[in-house]
Trainee: 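Pasting a structure below so you can have a look.
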Amino acid sequence: MKTATNKTHNASMLAVAIPASTILILLVIVSIGAEWIAPYDPLKQSLREALQSPSPAHWLGTDNLGRDVLSRLIFGGRIALISSLEATLIAVVLGVPLGLFIGYRGGWWDWAVMRLVEAVVSIPGIMVAIVIIAILGPGLHRAMIALGILYSTAFLRLARSVVLAEREEVYVKAARVIGASSNRILLRHILPNIAPPLIIQVTLTIGAVLLAEAGLSFVGLGVQPPGASWGTMLNTAATYMALNAFLAVPPGLAIVITVLSVNLLGDVLRDSVGRGIAISVKPTTPTAKFAESTTTSQPKADDILHIQGLQVVVNSKDGSEFPVITDLSFSIKKGETLGLVGESGCGKTITGLSILGLIGTGGRVTHGTINLNNTELTSFSTQQMEQIRGDEVAMVFQDPTTSLNPAFTVGDQIAEVLRVKQGMTKKQAWARAVELIDRVGITRPAERAKAYPHELSGGMAQRIAIARALSCNPKLLIADEPTTALDVTIQQEILDLFRDLQDEFGMAILFVTHDLAVAADICDRVCVMYAGELVEMANVDELFAAPRHPYTAGLLSAMPHASDRKPPLPTIKGTVPVPKLWPTGCRFSERCDYSQKACEQLITLTGTTSQVRCIRANEINMGASI
Amino acid sequence: MLRLIGQRLISLIPLLFIVSVLTFSFTALLPGDPVDLIIGDEGTAEQYEMVRERLGMNVPIVTRYFQWLGRAAQGDLGTSFFNSVPVMDAVMQRLPVTISLTAVSALIAVIVGMAAGIAAALNPRSWIDRLATFGATLGQAIPNFWFGILLVAFFAVSLRWFPATGFTPISTSPWEWLRSVTLPALALGLSSSAAIARQVRSAMVGVLQQDYIRAARAQGLSRRRVVFKHVLKNALIPVVAVLSFQITILLGGALIVEQVFAINGLGSLAISAVRQQDIPMIQGIVLVSVFIVVAIQLTTDMIYGFLNPKARPS
Amino acid sequence: MNKWIKGTILSVGITIGFSSSFAIAADTPLGKFRMAEEVKLITLDPHNHTGGGLSYLRPVYETLFYRTPDARIEPLLATSYKLEGMTLEITLREDVKFSDGEPFNAKAVVANITRGIELGVLAGLKPVEKAEAIGDYKVLITLKAPSPSLLLDLTGNSGMMVSPIALQAPALDRNPVGTGPYVYNAEMSREGEVRIYTPNPTYWEPEQIGLESIEIWEIPDNTARLNAITTGQVDIGKWLSSPQAVILDKTPGLTLIKRPGGSTYHLVISDREGTKVPAFADKRVRQAMNYAIDREAFAAAVQFGLSVPAFQPVDSGHWSYNTAVDGRFAYNPDKARELLAEAGYADGFTFTMPSIPVFSARLEAIAGFFQDVGITMNIDPIEPGTLARRSRTTDYAATNLVWRHLADPSLLTTYYIGESGIFNPFKVKPSDKLSKLVADGLAAKEIDQRAPIYSQVFEQLADESYLIYITATPLLVGTTDDVANNPTVNFRAGESSPYWRGLRMSQ
């Protein structure tokens, strides 16, 4: 996924960067060669030819004094170029050393200069420029000094922040050891680190200066007539608006195109610096073929959830689609807890989200059925799904601190669901929310209901999230790694809470986890997923006692046992392949110690009450490998 | 909330002090002798002394600063060098004009920017998104005064829907006020709309990817409800933070845009004062605008605190 | 030119009834009269007032004399006068009070004239030695130098009478107190935007007050002023030759009245001894500048055909007009370059010219002409309303001003030629020839004696070329048709503001 993103990203960056830099290079060439390129002297007037429309003699017409607009535009470009470079240079020369100095010196110097900068920044920029011009007097170079001083504050802050960041780094690391030469190291560290943000800031400043120079010249504080600058040309255009409106077009467009080019180039620079240099990698292996579901089964009477032959695809930025889950079938009985285990990136969370119809705009279910309580969900409309969510099936997410909205109180968030889904009044909803908070084991519930998520501990926040998920009595609760983000001591409490609540509410639980110990603790049955497909399914005791798939065995052997900590934990070599690089046959084969030639074929799932996807499941003894 | 305001107010003291020192030092920095400037070439020595005394120039600069500060604290910013108009009166007469222009353009910027930003964020990579993103980039490259000239040419000169120039106070006629303020406010608000649209889009896209949005949807709350309640309140937090900065920019931009529409606001007062080197006037204008900026910052801080519980002192 | 002669006849025609025969019923005042000024108000203190914008003072201050629409001079606050040699004896009205209740009498007049002399700002009072009361309502003014324009000056701000109490107040520039039909309303006025005048309850001829209020708007921007009159925000506005004046002329419902008493736009080389700009000391350089300007093109393009080329201060209708000077510096850039080369400035030189917005296009065009012969003229924008004041200082080696056609040519001395002329900041002594001519001009009494002398003055000025006349423009007043057809709206000769006495607006 990442490689494709980078590739398209690079292409769109080039599509922007090439025309933008072409325009700027052209501007530079035209400005340098203005004398040769401009068809007329920009100051040469011909009153008898005033205010003419564009013609072969004057491509952009003439102004109020009969001067050639094109020539003035070209010479105005030179002014724009010189002035923006001049102001930016002043800003850099003034801001960077001062910023480095105060960042380095710190203390009183830093405090005083920063307060001064804050004061300058709190005055509207144009007003600072106007006041500096009041001191220096009007004129292009004075106006540019004014703008240079104004924008130096940005460079000052930038340089200072780089020094402060690097100083930490350097002092913590090498400098302490070497001692005396730490200052030199600081300098050597700062120079390469300051360059990228400095370049970006320079483009930003050039764009801003171009606009400010035009504005100041427009009100008569910058370039003085009869000199040609884009701002003064616009001033003239404003005066003669009623007689020749076209006069306003060329200088205005010139400013817009130039500033746009500078800004776009700045955006591209910022993006490329921000993301590092993007290298595109072509997928080496063709996308794995995947099998249609071979077996079909109907949901049994006591199944609350029945998933059959599910395939989910997501699209990449280049428009192509690739599968992330293939041929997934399982079911959950009423009141049962089914564990869904596997490493990250195996498609566990996507499975949970596809039940809720919340994969997002980038993905969709292409095959298979999801049957919840005898209702087929895959054909449901958005509205129908909204009815189901919360009432029939709810979800608890991994990180309670991010799954609760930071801007609302926790009570609010539970009460809102009750109001919307159950039609309760505000008062009823609140009272019920407090009850639920009490039920999930939080003391002083009325008070805690008024707390914001950031005011609660992680464990408490997860209890709130569980309370919200159970608020409408769903028949199925999807718990997506609900204990992973919590302290070990809290984990157990939350697991106990799930068990208690299941006894009370009677809902089934789809428990997604990568932690086999947790699964062993709470689940009745376990499904093991690897690279988007089910590799093994069995009752919890059976699975732990005799794993049949090498992946399951590997996971088990990597599981720490409280009693047996001495030998280092064996781990499965390598990592889960990204969906685009799935092998055609057994997706685990590249990491499997038992793989052989036959594993390169498509492997099907075998078995009924317990299932496994391995051609050698019956011939090798997994227990021996541990 | 009161504590937040209190904390902010206290932190403003050094800022206002430095601004006042900066503002006052203009007197010392300006080239030439303001007394010469007033009495001209034909002034006699007695006239010179008289004017010096009237301006209080014959006391040391530090004393003069504190005298000025003391009077400024009581709302007396001195008198213009060139007529007997008190600076405070002149500024206060122009202020409502500039403020109504700034306020209306800020309103436009918020409405347009939010609408474009939300539309773009909800339809990522669609034509709406591309249009909004390109529009925002373009909007930030268009000089506000040029946009003003174009608006005048089209809507005032050709279509005659709006007056080309001038400003009607809201007290005279609310309808005429709206007509007179529309074009300048549009011209002024363009680049801020663009900046806010960009900010809203990236904030919304960020918030939309948050777990709590998915969690709210998993609870069966409708998309519309989630977007306009859960997403917006969070996305507004960074937007409010840029808003105070944008309003400061608008206040500065108003000085230029006022010139296009021949509006007698702070801008024309400031430019006149600069051309005449009317020091008390410049000092007054700067001080009052800093006051306004600070008031805006305070207000946005309060809105920020309202939107973002984490920013409230506990 | 024919056009504005017609305009003249029309405006004289409609103004005959003023003051004597036009009877006004003493009914309640009606309506507002709103006018737009093109310069900003700098001060309402008549003794410190220079340059344009006298109309802001007119509703409040009355003058000792006034000029009728056909340019005769009649007493206003005076009842009669005796002008004998170097003295002027004025008998005053006895029934007049200032709006603050102070009586108007000889003491008040003396206080005003004395202050004017002491401040030394007003050109009209420069030749005045002193003023003294020779009775409760009789004043004697003594001159130190002959002044043919004394009565004329007393119709302007030199003759405006301020309450003696207000004269003592420090803030006279914003708190004017006079005897006029209206008083300045500081509460309703908005600084930098509009001045509002309301009826003076103690006015000596209440039946002459015909308005509920007068609004004078400060709108220096041509487009804004055009917009103000097009949208009905104002009834009348003053114009210079500008694209907006042309548009106004073509707009239905609006009238551009072209009246005599306009002005001649000219450059002033103040530094003609070359203190700051050495090149200016050479007559050939100044003549070269004169030759460098294409006045025909300038009048057509920069002033949109509303002006005609000029080579002397007065316009062709004036008694002192010298046809021989006409065309003296017909456009000849080659000649200009030749003269510059002769003077040793073949590579040109640089100087700076102050500019206000209404003149900026003109100066840009002139800069273009100068550039063409190698002279670089930088343009320095200054605040509108301050050009006259700044031109009196040595800040600039050259400036640009207008000469009002109705001013007496003897004022040329007071303004530019005399060593202490107000626009001679470098205190340059006039040439012997010019000194003698202007002295002769002052000594001569009758028009037929004075005319040939001033004709020679103009010739000599052309030769010395430190006053470079460019174009003459009639007085342009843009009004709504309603105002143009209102018989009570009569304009002061040479001014764009109407007489406030007797003016009515019917709704």
Side-chain angles (χ1 to χ4, degrees), chain B residues 32 36-44 47 50 54 79-80 82-94 96-97 149 152-153 156-157 160 162-169 171-172 176 179-180 258-269 271-278 281, chain C residues 36 40-45 48 50 118-121 169-175 186-187 189-194 217-228 230-234 244 247 354-357 380-386 389-395 420 422 425-427:
Chain B
D36 275 340
L37 210 68
I38 293 168
I39 62 170
D41 289 345
E42 292 172 24
T44 60
Q47 271 178 320
M50 232 174 67
R54 177 163 73 82
T79 307
S80 158
F82 295 96
N83 49 49
S84 60
V85 177
V87 169
M88 201 61 171
D89 291 6
V91 172
M92 283 306 154
Q93 259 171 348
R94 304 298 190 91
V97 181
I149 293 173
V152 168
V157 175
R160 299 196 167 266
F162 296 97
T165 49
F167 176 83
T168 312
S171 53
T172 311
E176 283 303 316
R179 268 166 47 88
S180 70
E258 281 173 5
Q259 305 302 304
V260 178
F261 293 88
I263 291 173
N264 276 314
L266 273 188
S268 52
L269 192 67
I271 291 168
S272 291
V274 167
R275 291 226 180 101
Q276 298 192 79
Q277 302 210 331
D278 191 343
M281 196 62 88
Chain C
K40 291 187 165 190
L41 171 65
I42 302 297
T43 177
L44 287 167
D45 175 355
N48 272 315
T50 51
E118 279 172 359
L119 287 174
V121 172
L172 181 59
D173 63 343
R174 285 294 179 280
N175 299 289
E187 283 78 45
S189 302
R190 291 195 294 278
E191 187 64 35
E193 194 178 357
V194 62
W217 292 79
E218 297 179 28
I219 315 184
D221 185 89
N222 279 325
T223 311
R225 207 160 59 257
L226 173 65
N227 187 56
T230 318
T231 56
Q233 184 193 336
V234 298
Q244 288 77 13
I247 294 164
S355 167
I356 51 175
D380 189 10
I382 60 169
E383 182 61 12
T386 63
R389 182 166 64 77
R390 297 293 292 275
S391 297
R392 299 171 66 153
T393 68
T394 53
D395 294 353
S420 56
I422 52 175
F426 291 88
K427 308 280 174 225

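Naming: A, B, ... by sequence-line order, numbering from 1 per chain.
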Trainee: Side chain, backbone, both or neither: which part of B:F261 has an atom under 4.5 Å from a heavy atom of chain C?
Mentor: neither
Trainee: So which part of C:S189 gets closer than 4.5 Å to some heavy atom of chain B, the side chain, the backbone, both or neither?
Mentor: backbone
Trainee: Under 4.5 Å heavy-atom distance to chain B, tell me which part of C:E218 shows up: side chain, backbone, both or neither.
Mentor: backbone
Trainee: Quick check on the interface: out of C:A228, C:A171, C:P220, who has the most heavy-atom pairs with chain B under 4.5 Å?
Mentor: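 With the most close heavy-atom pairs to chain B, the winner is C:A171.
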Trainee: Which distance, rounded to the nearest 0.5 Å, do you find between the CD of C:E193 and the CD1 of B:I263?
Mentor: 10.0 Å
Trainee: Hey, which of B:S268, B:S272, B:A273 has the most heavy atom pairs under 4.5 Å with chain C?
Mentor: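 That would be B:S272.
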Trainee: For B:Q93 and C:E191, indicate whether the former's side chain and the latter's backbone hold a donor-acceptor pair under 3.5 Å.
Mentor: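 The answer is yes, because a donor-acceptor pair under 3.5 Å joins these two groups.
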Trainee: Is any side-chain heavy atom of C:R190 closer than 4.5 Å to a side-chain heavy atom of B:P169?
Mentor: yes
